[in-house]
Amino acid sequence: MREGDELETALQKGFEELDGFYTLLMGTSDKLALVRDAFACKPAVVAETEEYVAIASEFRSLSHLPDVKNAHIYEPAPEELYVWSI
Amino acid sequence: MEHLTVDLAQTPLRDVNHFLHHTVSKNGGQSISILNPDGAHNIAVGLDASIDVNIMGHAGYYTAGMNKLANVTIHGNVGPGVAENMMSGRVHVHGFASVSAGASAHGGLLIIDGDASLRCGISLKGADIVIGGNVGSFSAFMAQAGRILVCGNAGDALGDSLYEAVIYVRGTIKSLGADAQLEPMSDADYITIEELLSKAGFPHNPKNFKRVASAKQLYHWNADANQEY
């Protein structure tokens, strides 16, 4: 990104460059991105409502959030870009 | 059937599991609801009596692991390793399941209404798993016995290094793992699928499923393969 890549492009290149297990959560001034490696060994879970996006390694950490019972809860798929913009 | 309710927001999990193991299991034939699971790990593990357990929300790691005889229903999603090492009984997840669902399960039936993540049924040893949605990559890896029925699609490397377990897939298969192959369906396969669909309560037509089983080329060491599989 220091060399001029957009967040999405940099992460896409990361899939090709990086070897091993990772879940990356990256923030810029106006975007939040979440990616997992192809094996998805490192846990991640997302809860989305109209009000917030919450990301943690497991639901236990999200269970106290307001209205989480009505949130859309999912596990991010491996090697897929999840990007939220402010 | 006597019905009991415990609230994990009030009672420590260790006490609830102890109660399930020692008090409820002794009487048998009981029904218990667990409120506010809030993603706690190890809920209802190691049960060994024919009781009904309803977990009213999302559960964490190893839910209903090592289950024997009990009928456990999760009214939400589960974390990694649901029903791992199950011996018998039935575990039903109404939401999705994280990685390694039904890992090493020897017997019983695991039903997942939603999707199952990667490595579903890894090292399966005889249980049946029915998945209403999709399964992630590396599912049924080294599965030795049992049956896996996928009503949706399968990810990469399905059935890699399979032994005697059989997989049925209704949707697409992104790729087969080493030594896994598509095989023709027989009348016995259609009967098996019908039976599993009926137990799980899914309305699909058995005719729409494909069979994946081991080509058995890895059963014996092949020095000429030069580690290329």
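Every chain is numbered from 1 and lettered A, B, ... according to where its sequence line falls, protein lines coming before strand lines.
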Bottom line for A:Glu75: the part with an atom under 4.5 Å from chain B's heavy atoms is both
Run A:Glu79 and B:Ser137 through side-chain contact (heavy atoms from CB on, under 4.5 Å) and show every step you take.
CA-CA 12 Å; A:Glu79 278 199 330; B:Ser137 301; over 6 Å; no
Between B:Asp38 and A:Arg60, which heavy-atom pair has the shortest distance, and what is it?
O-NH1, 3.0 Å
To check you understand the geometry: which heavy-atom pair defines the closest contact between B:Leu118 and A:Ala38, and what is its length?
CD2-O, 3.7 Å
Under 4.5 Å from a heavy atom of chain A, the part of [X] involved:
{"X": "B:Asp156", "value": "neither"}
{"X": "B:Ser98", "value": "both"}
{"X": "B:Pro37", "value": "backbone"}

Step through the shown structure and confirm whether more than 12 heavy atoms of other residues, nucleotides or ligands are within 6.0 Å of [atom1] on [X].
{"X": "A:Asp30", "atom1": "CG", "answer": "yes"}
{"X": "A:Glu80", "atom1": "CD", "answer": "yes"}
{"X": "B:Tyr163", "atom1": "OH", "answer": "no"}
{"X": "A:Lys31", "atom1": "NZ", "answer": "yes"}
{"X": "B:Lys68", "atom1": "NZ", "answer": "no"}

Max heavy-atom pairs within cutoff under 4.5 Å with chain A, candidates B:Ser100, B:Gly60, B:Gly95, B:Ala40, goes to B:Ala40
Could you label the plane-to-plane angle of the A:Phe39 and B:Phe138 rings as parallel, tilted or perpendicular, counting under 30° as parallel and over 60° as perpendicular?
parallel
Run B:Phe96 and A:Ile73 through side-chain contact (heavy atoms from CB on, under 4.5 Å) and show every step you take.
CA-CA 9 Å; B:Phe96 68 76; A:Ile73 295 164; 4.2 Å; yes
